[in-house]
Amino acid sequence: MNEIVLEEGVKKLGTRAGVQQIGSQRLKEKLIEKFFLLNGMLAILILGGIFALLFFKAYPAFQELGVIEFFGSPVWNPTSYSKAQYGILSLINSSLMVTLGALLIAIPLGVACAAFLSDIASLKMREILKPAIEILAGIPSVVVGFLGIVLVNPMISRVFGVSHGLTALNGSILLAIMSLPTIISLSEDALRAVPPSYKEASLALGASRWQTLVRVSVPSALSGIIAAIMLGMGRAIGETMTVLMATGNAPALTFNFLEAIQTMTATIAIELGEVPYNTTHYYALFVIGLVLFAMTFVVNLISDLILQKYQEGER
Amino acid sequence: MKRENFIHVLARVSIFLGVLWFSASSLQAADMIQIKGSDSEVNLVQNLAEAFMKKNPGTDIAVTGGGSGTGIAALINRRTDIANSSREMSKEEEEAAKKAGVMPFRIVVATDGISIVVHPGNPVSKLDLEQLRRIFKGDISNWKDVGGPDLKISLYGRQSNSGTFVFFRAFVVKADYSPHMMAMNGNAQIVEGIQRDKAGIGYVAVGYVVSEKGEVKPGVKILRIAKDAQAEAFSPVKMENVMNGKYPISRPLNHYLNGKPSGKLLEFIKFEVSPEGQAIVRKQGFFPVQQQWVDFNKKEGVR
């Protein structure tokens, strides 16, 4: 870019106009550079802004009730008949339950699918499967939630003999479906990045294709696969509409996957619309938001660190 | 050249904004009545509004749900003309209204018998208030304790912005609900849940499960409710049971307005409590205003 400017400048050398033009072009370039820098900074600014907002909105609740009120009790009942209670342990537990349940379903399916795509599927097969998986990622969460009510709900009640299927398990199954595209496509990228020489060496030594896949390909792509799983987990833990529709929303503390639960995201979604502004309950909802933000932040940070390490290892 | 461009853009933007502002302000000036609130009342008031609009062309009434709490909050924030509320305003809400300069004006438009619904396959057909209280409090958690099969009870309730949630808690449960109660989004969602759940029990506004002729919606069973263990149990399906107070869980369905209304608003409310309006109330499965509330309305100058 600079060379072209210089060239043009040389042509017009000696004329006053030429000198002026070079000056204005330099200025323009500087401004453009600054503009792009600003764009780059924007993401950081927004992130910082959201964190600051959450923190300042949550702070009055901590000031009024103390930290123990939130993290010392499993009873969340801000609109109680007798005494409002703000314990979020059962909500955190519920969110973790559906997320872990989703991962238990999605990891084997996702990694197996990725392995199939990268090592076994023919080119034609891959050309059909890949877009199909990407479309899966585009299904709106409200549609997935609806499927949870009309399809998964009666299925669970029939298979497990419980009276209704609006349970943690329902949420887990739906979240697994929603995090599959992330896990599959990132894991597949990682598996494909394994140098062919590894596989060739393994096959030459007499290992079967299965042995090669399980003992060579997957272990060498492991950090990429773990990063994919963590990103899928971040998607699952923050999902709102689906769990709001499918998990029944009963704020009891339970470890039973066949009982109704209420996640942190669903609590915010249900209560933020009706709570009077600037009350303790209002601020308490921001406490949930802050905790949720911290959890997704840590999950994403870990996946980022793993991904970085993995890319360094590749070099 | 560039400066001219800039001026052009500026002119266009200002014309656009001007038109936008003008149309927004003219919209507000139009005869648009906003009604917001109770999910139990939303279908009923929508039908009343449609009938009124047919009789008075040129009047626009928009009815939306969201829950009684949401409607009252909107009234206090002056975002609605009428708040539908299936419960009375709380002290806190009255104070907030006063602080915002809103003078709540209450009118009763219909009577509801909150219906207790279960799956049709459930052999239990009546409960008394004490049993109901203990079921929703979580003290009784198995149907066998109230004469049913050995099955864990699943509780279907509403979210806390619901007037039915608040009324039922204050009137029947008199304590916090069991934490195992599922918070459903509306009456229709509870009905849908009960239809699929043979161990379910839920509370809904009568208009959602009973038609004008007293036919119960397929897929649910309405329980008869007794005042206490010794008393006879009555069903809310029959109008006279609710009107004479034999069915124990009835409530007035309210409108809250900001101060005594005039003009189109007053006309609409008068239409609602007129014989014509009350016939529509009946058609929606709800019951006419009880005598004590007719007198209340009269005292407020609406008849």
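Naming convention: chains lettered A, B, ... in sequence-line order (proteins, then strands); numbering from 1 in each chain.
- Using a 4.5 Å cut-off between heavy atoms, B/A73 makes no contact with chain A at all.
- For the set A/N249, A/T254, A/L166, the count of heavy-atom pairs under 4.5 angstrom toward chain B peaks at A/N249.
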(message) Under the criterion side chain to side chain contact (heavy atoms under 4.5 Å, CB included), I'd like the reasoning laid out for B/I135 against B/I201: C-alpha separation, chi angles, the key distance, then a yes or no.
(response) CA-CA 9 Å; B/I135 286 174; B/I201 184 169; 4.2 Å; yes
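- Judged by distance alone, the side chains of B/Y156 and B/D197 do bring a donor and an acceptor atom under 3.5 Å apart.
- By the 30° and 60° cut-offs, the orientation of the rings of A/Y282 relative to A/F286 is perpendicular.
- Looking only at heavy-atom pairs under 4.5 Å with chain B, the residue among A/A260, A/S82, A/S80 that has the most is A/S80.
- Interface remark: A/T79 contributes backbone and side-chain atoms alike to the contact with chain B (heavy atom separation under 4.5 Å).
- Between chain A and the residues B/R196, B/K174, B/K198, the most heavy-atom pairs under 4.5 angstrom are made by B/K174.
- In this structure, chain A has a heavy atom under 4.5 Å from the side chain of B/E192, while its backbone stays farther away.
- Ring-plane geometry between B/Y177 and B/F168 is classed as parallel, the angle between the planes falling under 30 degrees on a 0 to 90 degree scale with a further cut at 60.
- Between A/N77 and B/D176, the side chains place a donor N or O and an acceptor N or O closer than 3.5 Å (distance only, hydrogens not considered).
- For a residue to count as touching a neighbouring chain, one of its non-hydrogen atoms must lie under 4.5 Å from one of that chain's; by this rule B/S160 touches chain A with backbone and side chain alike.
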